[in-house]
Amino acid sequence: MAASAIGCSRRWFRAGNFNFGNVAEPRCWKSLVLASTFFRSASKTAGKQNRDVPWAAVVGLEIHAQISSNSKLFSGSQVQFAAPPNSLVSFFDASLPGTLPVLNRRCVEAAVTTGLALNCTINKKSLFDRKHYFYADLQAGYQITQHRLPIAVNGSLPYSLCTGKNQNELVSKTVRVKQIQLEQDSGKSLHDDTGHQTLIDLNRAGVGLMEVVMEPDMCCGKEAAAAVRELQLILQALGSSQANMAEGQLRVDANISVHHPGQPYGVRTEVKNINSARFLAKAIDYEIQRQINELESGGTILNETRAFDYKLGCTIAMRDKEGKQDYRFMPEPNLPPLILYDAKSLPTHTSHLQVVNIDQLQEQLPDLPSVKRAKLVERYGIQPQHSFTLLNEDGLIEFFETVIAATQMNPKKVIGWILKDVLGYLKQYNVMVEESPISPLLLAELLNLLESGMISSSAAKQVLEIMWNGEGKSPTLIVKEKKLELIRDQNELEHICQAVMDGHQKEVEAIKKGNKKVLNKLIGEVQRETRGRSDPVSVKQILEKQLLLQPTKKNP
Amino acid sequence: MLRASLREISAALKEGQVSPVELCQKYLALIKATKFLNAYISVTEDIALKQAEASEKRYRKGQRLGDLDGIPVAVKDNFSTMGIETTCASNMLKGYIPPYNATVVQKLLDQGAILVGKTNLDEFAMGSGSTDGVFGPVKNPWSYSQQYREKCMRNSSTSNEELSWLITGGSSGGSAAAVSSFTCFAALGSDTGGSTRNPASLCGVVGLKPTYGLISRHGLIPLVNSMDVPGILTRCVDDSATMLGVLGGHDPKDSTTVQDPFHPFQIPNITDTSQLCIGIPKEYNAPGMSSETLAVWSKAAGLFEKAGAKVVEVSLPHTCYSIVCYHVLCAAEVASNMARFDGLEYGHRSSADKSTEALYAATRREGFNDVVRGRILSGNYFLLKQNYETYFIKAQKVRRLIVEDFAKVFSSGVDVLLTPTTLSSAVPYVEFIKEDNRTRSTQDDLFTQAANMAGLPAINVPAALSERSLPIGLQFIGRAFCELQLLTVAKWFEEQVQFPVIQLQDIMDQVDAVSQEEKSASFP
Amino acid sequence: MWALRVSSLARAAFCSRSGNSAGLSSVPPFQEDGRGRKKVTLELLDHLERLALVDFRNQEGVERLEKAIEFADQLLSINTDGVEPMDSVLEDRCLYLREDNVTEGNFAEELLKNANQTLEEYFIAPPGNIPLPKLEDRDTFLQKKKPSADMLPLTF
């Protein structure tokens, strides 16, 4: 699939001064006189000179995902996030001379399933290599990786992103996956500024990583973030990686360059170790804009490595080695070729423990996110963009399905409550689904009250707010306490309607003259009067009836 | 008793003719008496005696662990030994005490063998003389043999005895000297380009290089991972089969050991050699080979022919490139393997600590000798992006050509190849050091290197004494994993030539005298 | 019989001069005539010192490298058309796979014992990974090797 076929809706221009948004104003932004938002159409800049020739950006990603396994890639020490320093280190991890790597079968399976899920060709024979460089947390002086012949190649990752005015249009995109390779993670260095030294903890050294290399088919931070999110969901569905960015299980390096459309690609920079989903798009967009500004003001882009500083909100050139880095790749002599089999090529006299069968793994693949989404749409009749959001938020599907099971309300209606109301609160207050003060069962109870006509929809919203701030009281109780039940008494309703009409003669006249829309205002007033205890449909009927009966005021 | 073979002493232990403790004490005394050979870096006296006591208990209970129970063995100091300093004869690892045993060491200990010490070598096994380690050179026991001494006195060209001592060859010189001077029954060496067979030849002992992948390298501090194998040094071919039986087999800790089942064997005594086909590779007739070696080699060929075997001239056309190929691949792997020595986790650490890189550079300057540093630098040169294809890949292609040479020969009906092991018998140290390490290695590894390149098993068998009464050994190279056939032929040859035992009577008498004194002193 | 046959080859060149399909050079490969030896540029030496974190120490070190390169150059004359590089003699064997069990760990004490400097349970390194200072600022023998008239730099 050619990159040009995968277009980008975003157009980049040099821009004036804008504030960044909800991140605290970073210093370097001011000094660079940058913008945070970008012009979408040429028409806005029509008045300016051809400084505003559009730019296009290309973003490629190298994503390191820690393999979810009990033990490490080449040794039998444990994989665990938090542990006393150097307690999860084998002699091989510490690079004691004479120790040798032994490949963990589970890691191979994880890489194969990931490759299959990403539509890759699985190389039946793959090789391991040594990549040499010196670093305090790289204890052997080299990393074992797959440089010449990785385990999987030539795949693709379809993903979607929300666009449009209300972010409710779903656009499908694809990014090509160049390869997936198995490699070792490094240890951790902790900088002790007071002691002027670096503390080395090798617990992470040797943990299995899958490096997923994505071609530069993305054009901005949003696309990259969406692609990464989709990959994360796939890895979690497969169980090959927990892909938790906060725990360092998923780390992203972005390769970014800019060019004028129709011209060759520009020099690229690498932004390393983006470890937060929140800042992924921001970091990439910052770098794109930085490059544009640099080029626009006559500067050049260096082929360098940069890091994203979260506090400052910008990328900074990392202190690169003087001169060129040469990794002096060499075959890993202690590991013969890794051979994988399929149903046709299974060896006869080999223990099944020594055989990784690609076809078997293919059969055992669980439902991938795209399949899950389609199933949700089919089963519940919800819109694709709804199922997209459901999957996108951790725990939201379970929440949704628990509610569905406990309510008679149509899933198509339930979804609105969950995505607009509940999720709205969660996002506003930055709360995870699993920490939601509104539990699925309580929400179901509320929806049942609504469905059975006990309360109106606006009353339900009021109850929801109370539930959000509350101590887990049941909606039924809240309704009782706040007296939010729908008014059933027709007379009472008519009385209130009449009163409202009396108080809003102007609107009444307007309606009579033919402006039907103003009726909604009256309905709204009735709702307010009744504190949401009136059913808008009934109110409308009553008002319409009363309007007919109302004599038109004659002009004096 | 000291000159007995492993088998003989094992039988004696079983019969109760000698006790493990007695044997151990005698061997430790002999090690002391032969200290001037500098064959040992560490002598593990306390550990050995404890092991001997444990062995004795087992014998008394009739619960001996196997043929090696109670037998003193030595291990080259590039094998990791738990709790025992392992230095590789380098400043970089002085004081390094591994927390684990190499698999081969563990296997020996599991059989009840007694570890008497760690033997001397060239630093990180780089060298062919055992002269380039930080603990000094190893002296060939034959320098002090009666046979050699008598010849020397007759020639009387060498006046100063001390200056005329001979090298052991290398890099497993310490192990070869230890076996040759009767301070152990068997020793472990390592063999990357001939490091076991070369000193075996110069010290007049049997040196076996097994097929690559047969014996575990876990715990062997590597030189060239794709060619290293643990080597076995013994006084006769039968003993090497005994050792092989204990050491061979798949090790889950070493992914380069083959998973095929391994069966220890006893070498049959063959009488009928008519089915045998011996190959004589013509390219091994190299300039620089001494006329004596050439004569011994052709005599040996004649021996096989007379006995009815088919002896044919064969060709291994790429033999001459084996050394160059090795030079590149070895340097590249050395550059890579030595990258881990930075002083952070173990080993020598410099005090220059302005930055991590400065620390590494200083540590490596202080810890490695010139030979090692030279190979690291040239290895890195060959691995540079711009040179990788030209040198490294090229060498790998030539390697395949060499391997194919052997494959062609072995598939044409040849069972075993017969070649010299070294260019000549042992030379005096003063002569040896005139050339630098790399030049020497290039010359001395000529006959042995190709077997490492191809991963084939090879064995040195002492064949005859030179005119100066120094050992000349011959090498047999066999098919991969066909050690049984190889050792069968080697054993037959050994029996034909009846190589003389080294006469170290003075030293032996000394030891006997001392032990007599000790015995009488211990009686009230 | 054999004695004669072998000794008749004693004067023969080490490698067959008649030439064969492998296209071997007829010059004995391990004779180093010292002429035409490549000299390496200061830039390359500096590059190697930084990559290897090992210094040349003196002119002998540099010559050692030059000799090594010259020796290796003998490979270039060998015809290897159509020959695949060989990583290992075990290339036709399959890699042993280990089960995903935790079998090692909790060696912190043993590991830290061998380290020269530790702090609690950590290994210690100097601050950061500041690259080696530039040639001008380093105390290296290469300082004395700055370009002079008699150096013939080769581009690599």
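Side-chain N or O atoms of B:His327 include none that pairs as donor or acceptor with a backbone N or O of C:Phe71 at under 3.5 Å. The main-chain N or O of C:Ile78 is found under 3.5 Å from a side-chain atom of B:Lys394 such that the two form a donor-acceptor pair. Judged by distance alone, the side chain of B:Arg373 and the main-chain N or O of C:Asp55 form a donor-acceptor pair under 3.5 Å. Here the side chain of B:Arg364 pairs a donor or acceptor atom with the backbone of C:Leu53 at under 3.5 angstrom.
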For this session: Start with the C-alpha gap between C:Glu49 and B:Arg365, add the side-chain angles, then the distance that decides, and say whether salt bridge (charged side-chain N to carboxylate O under 4.0 Å, His left out) holds.
Result: CA-CA 11 Å; C:Glu49 276 198 349; B:Arg365 183 189 315 131; over 6 Å; no
For this session: For side chain to side chain donor-acceptor pair (under 3.5 Å), just list the numbers for C:Asp87 and B:Gln396, CA-CA rounded to whole Å, side-chain angles, deciding distance to a tenth of an Å, and then say yes or no.
Result: CA-CA 7 Å; C:Asp87 285 348; B:Gln396 286 192 313; 2.9 Å; yes
For this session: Kindly determine whether B:Arg399 and C:Val89 satisfy side-chain contact (heavy atoms from CB on, under 4.5 Å), including the steps that lead there.
Result: CA-CA 9 Å; B:Arg399 182 174 187 178; C:Val89 293; 3.7 Å; yes
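More than 12 heavy atoms of other residues, nucleotides or ligands shown are found within 6.0 angstrom of CD on B:Glu435. By the 6.0 Å contact criterion, CD on C:Glu99 is enclosed, its count of non-hydrogen atoms from other residues, nucleotides or ligands being greater than 12.
Side chains of B:Asn225 and C:Ser88 form no contact here, defined as non-hydrogen atoms less than 4.5 Å apart. Side-chain contact between C:Arg93 and B:Asp260: present, with at least one pair of heavy atoms (C-beta onward) separated by less than 4.5 Å. Residues C:Glu84 and B:Lys397 have side chains not in contact (no heavy-atom distance under 4.5 Å, counting atoms from C-beta outward). Within the 4.5 Å cutoff, side-chain heavy atoms of B:Tyr381 are placed close to those of C:Leu44. Looking at heavy atoms from C-beta onward, C:Leu111 lies out of side-chain contact with B:Tyr346 at the 4.5 angstrom threshold.
The two residues C:Ala125 and B:Thr356 come nearest to each other via the heavy atoms CB-OG1, 4.3 Å. Closest heavy-atom contact between B:Phe382 and C:Ala68: CZ-O, 3.9 Å. Closest non-hydrogen pair, B:Gly95 versus C:Asn114, comes out as O-OD1, 4.2 Å.
Of the atoms belonging to B:Leu344, heavy atoms from both backbone and side chain fall under 4.5 Å from chain C. If you measure heavy-atom distances from C:Arg98 to chain B, you find no contacts under 4.5 Å at all. Neither the backbone nor the side chain of B:Met289 comes within less than 4.5 Å of any heavy atom in chain C. Looking at B:Gln259, the atoms closer than 4.5 Å to chain C (heavy atoms on both sides) all sit in the side chain, from C-beta outward. When heavy atoms are compared at a cutoff of 4.5 Å, B:Ala480 does not approach chain C at all. Using a 4.5 Å cut-off between heavy atoms, C:Leu65 touches chain B through its side chain atoms alone. Both the backbone and the side chain of B:Ala395 come within less than 4.5 Å of a heavy atom of chain C. When heavy atoms are compared at a cutoff of 4.5 Å, C:Leu95 approaches chain B by way of both its backbone and its side chain. With a threshold of 4.5 angstrom between heavy atoms, B:Phe392 does not approach chain C through any atom at all. Both the backbone and the side chain of B:Thr390 come within contact range of chain C, judged by heavy atoms closer than 4.5 Å. Looking at B:Leu384, the atoms closer than 4.5 Å to chain C (heavy atoms on both sides) all sit in the side chain, from C-beta outward. Of the two parts of C:Phe56, the backbone and the side chain both hold a non-hydrogen atom closer than 4.5 Å to a non-hydrogen atom of chain B.
Per-residue heavy-atom pair counts under 4.5 Å with chain C were compared for B:Val328, B:Thr257, B:Val258, B:Ile376, and the maximum is reached by B:Val258. For the set B:Leu377, B:Ile393, B:Asn380, B:Thr363, the count of heavy-atom pairs under 4.5 angstrom toward chain C peaks at B:Leu377. Of the listed residues (B:Pro252, B:Ala295, B:Ala454, B:Pro99), the one with the most heavy-atom contacts under 4.5 Å to chain C is B:Pro252. Note on C:Asn116, C:Leu75, C:Leu90: by heavy-atom pairs under 4.5 Å with chain B, the leading option is C:Leu75. Top candidate by heavy-atom pairs under 4.5 Å with chain C, chosen from B:Met227, B:His250, B:Glu404, B:Met338, is B:His250.
Taking CD1 of B:Ile97 as the reference point, atom CD of C:Glu110 lies at 12.0 Å (rounded to 0.5 Å). One distance of note links OH of B:Tyr96 with NZ of C:Lys113; it measures 12.5 Å at 0.5 Å rounding. Between the CD atom of C:Glu66 and the OG atom of B:Ser378 there is a distance of 12.0 Å, given to the nearest 0.5 Å. In this structure, CE on C:Met86 lies 11.5 Å from CG on B:Leu329, to the nearest 0.5 angstrom. Atom CG of residue B:Asp370 and atom CZ of residue C:Arg64 lie 4.5 Å apart, to the nearest 0.5 angstrom. Put simply, CD1 on C:Ile69 and CG on B:Asn387 are 7.5 Å apart, with the number rounded to the nearest 0.5 Å.
No side-chain donor from either of B:Asp254 and C:Tyr96 sits under 3.5 Å from a side-chain acceptor of the other.
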